[in-house]
Amino acid sequence: AKRVVIKVGTSTLVYPDGSINLRAIDQLAFVISAMRHRGRDVVLVSSGAIGVGLNYMGLKQRPKAIPEQQAIAAIGQSELISIYKERFAIYEQKIGQVLLTRDIFVYPKSHRNVLNTFDALLAQNVVPIVNENDTTAVDELDHETKFGDNDQLSAVVATNIGADLLIMLSDIDGFYDANPNEDAKAQLLAHIEKVDQQTYDLAGGSGSRFGTGGMVTKLKAAERMIKADGQMILANGEDPSIIFQIIAGEPVGTLFG
Ligand code: ADP
């Protein structure tokens with residue numbers, strides 16, 4: 001895979017107590033910079049804006065009102081991107097921020113503009129760091145402008161920029177035959193060739209305080225990748241250097257496709 005999209009969940013970036021996992025961010029910066037040096041195009045889709053925003057503002061939980069949530073997202077996004085910028089700079093890697101809304105991929109002109117921007121960033125050896133633009137839409141029900149979760153956004157980005165591999169890092173080792181939070185006997189499934197209703201029946205919601213999508217949105221992302229003849233690997237992002245193993249073709253996590 002020459003072009004790779006990596007998606008990190010909030011649970012990888014923010015500890016359960018709300019503080020920021022700087023070690024994970026530093027590891028990510030290191031791994032992605034190394035991949036760039038080896039000639040790969042890497043796009044990072046990063047969640048965590050609200051988690052980082054809450055920490056920055058010294059708040060313990062999400063405010064209830066939508067405008068306040070959007071404000072926290074705006075605050076957290078700029079803080080998150082400055083942390084990335086600082087960490088990537090240690091490895092002499094430049095980054096660029098790309099904030100997207102769903103409608104971008106609907107209108108042909110904005111669609112083209114976005115793809116050209118990705119190409120131009122990658123051609124200049126810059127790592128695009130993508131998130132949903134929460135300032136315009138934070139309402140999970142607002143399906144017209146909002147993807148709702150970065151899992152699906154990362155698959156949309158991957159298929160559009162011609163990446164055949166999506167690496168999805170979460171707080172779990174892979175996809176299990178039952179929700180591991182509820183079933184102690186749940187077994188890891190190493191390979192899922194196709195995603196169908198049977199697969200969805202095994203998926204549960206999010207277990208973490210800040211996580212949003214749970215397994216369902218990750219399966220939807222996998223489904224989208226497979227439809228486009230691509231693959232997705234779901235693995236534990238606790239130590240992001242796991243990406244080296246994935247790139248080397250070692251069997252970690254769950255391979256979809
Ligand atoms: P992230 O913040 O990384 O996007 P989420 O918390 O949204 O992660 O989703 C991952 C969680 O989904 C896991 O920690 C687990 O609690 C839950 N989950 C539900 N069903 C499954 C399953 N079948 N296999 C693995 N995890 C599952």
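When a residue number appears, it is its place in the shown sequence, counting from 1. We use all heavy atoms of the structure for the numbers below, so side chains are in, but hydrogens, waters and symmetry mates are not. Start at 1 and go down the list; that is how both ligands and their atoms are numbered.
With salt bridges taken as basic N to acidic carboxylate O contacts below 4.0 Å, one links K2 and D41. Taking 4.0 Å as the cut-off between side-chain N and carboxylate O, E223 and K227 count as a salt-bridged pair.
When heavy-atom distances to ligand 1 are checked against a 4.0 Å cut-off, P180 comes that close only through its side chain, counted from C-beta outward. At a heavy-atom cutoff of 4.0 Å, ligand 1 is contacted by the side chain of N181 but not by its backbone.
Per-residue contacts place T10 under 4.0 angstrom from the following atoms of ligand 1 (heavy atoms of the residue considered): 2 (O). Of all the atoms in ligand 1, the ones that sit under 4.0 Å from a non-hydrogen atom of F175 are 23 (N), 24 (N). Distances below 4.0 Å separate heavy atoms of S170 from the following atoms of ligand 1: 1 (P), 3 (O), 8 (O), 10 (C). Counting atoms of ligand 1 from 1 in the listed order, those under 4.0 Å from a heavy atom of Y176 are 22 (C), 23 (N), 24 (N), 25 (C). Proximity to L202 (heavy-atom distance under 4.0 Å) selects the following atoms of ligand 1: 23 (N). Close approach to A178 involves these atoms of ligand 1, each under 4.0 Å from a residue heavy atom: 22 (C), 23 (N).
Taking each heavy atom of G257 and Q231 in turn, the nearest pair found is O-NE2, 3.6 Å. Across all non-hydrogen atoms, the minimal contact from N21 to T12 is ND2-O, 3.5 Å. The two residues V98 and P128 come nearest to each other via the heavy atoms CG2-CB, 4.2 Å.
Close N/O approach between I172 and ligand 1 is not found [any backbone or side-chain N/O within under 3.5 Å]. Residue contacts with ligand 1: S11 is placed with a nitrogen or oxygen under 3.5 Å of a nitrogen or oxygen of the ligand (distance criterion only). In terms of polar-atom proximity, D151 is not counted as a contact of ligand 1, lacking any N or O under 3.5 Å from an N or O of the ligand.
Counting heavy atoms from C-beta outward, N236 and I172 have side chains that stay 4.5 Å or more apart.
Below 30°, between 30° and 60°, or above 60°: for F256 and F175 the angle between ring planes is between 30° and 60°, a tilted geometry.
Residue contacts with ligand 1 include G174, since one or more of its heavy atoms lies under 4.0 Å from the ligand. Judged by the shortest distance from any of its heavy atoms, K7 lies inside the 4.0 Å radius around the atoms of ligand 1.
Around atom NZ of K185, no more than 12 heavy atoms belonging to other residues, nucleotides or ligands sit under 6.0 Å away. The environment of E238 atom CD is sparse: at most 12 non-hydrogen atoms of other residues, nucleotides or ligands sit within 6.0 angstrom.
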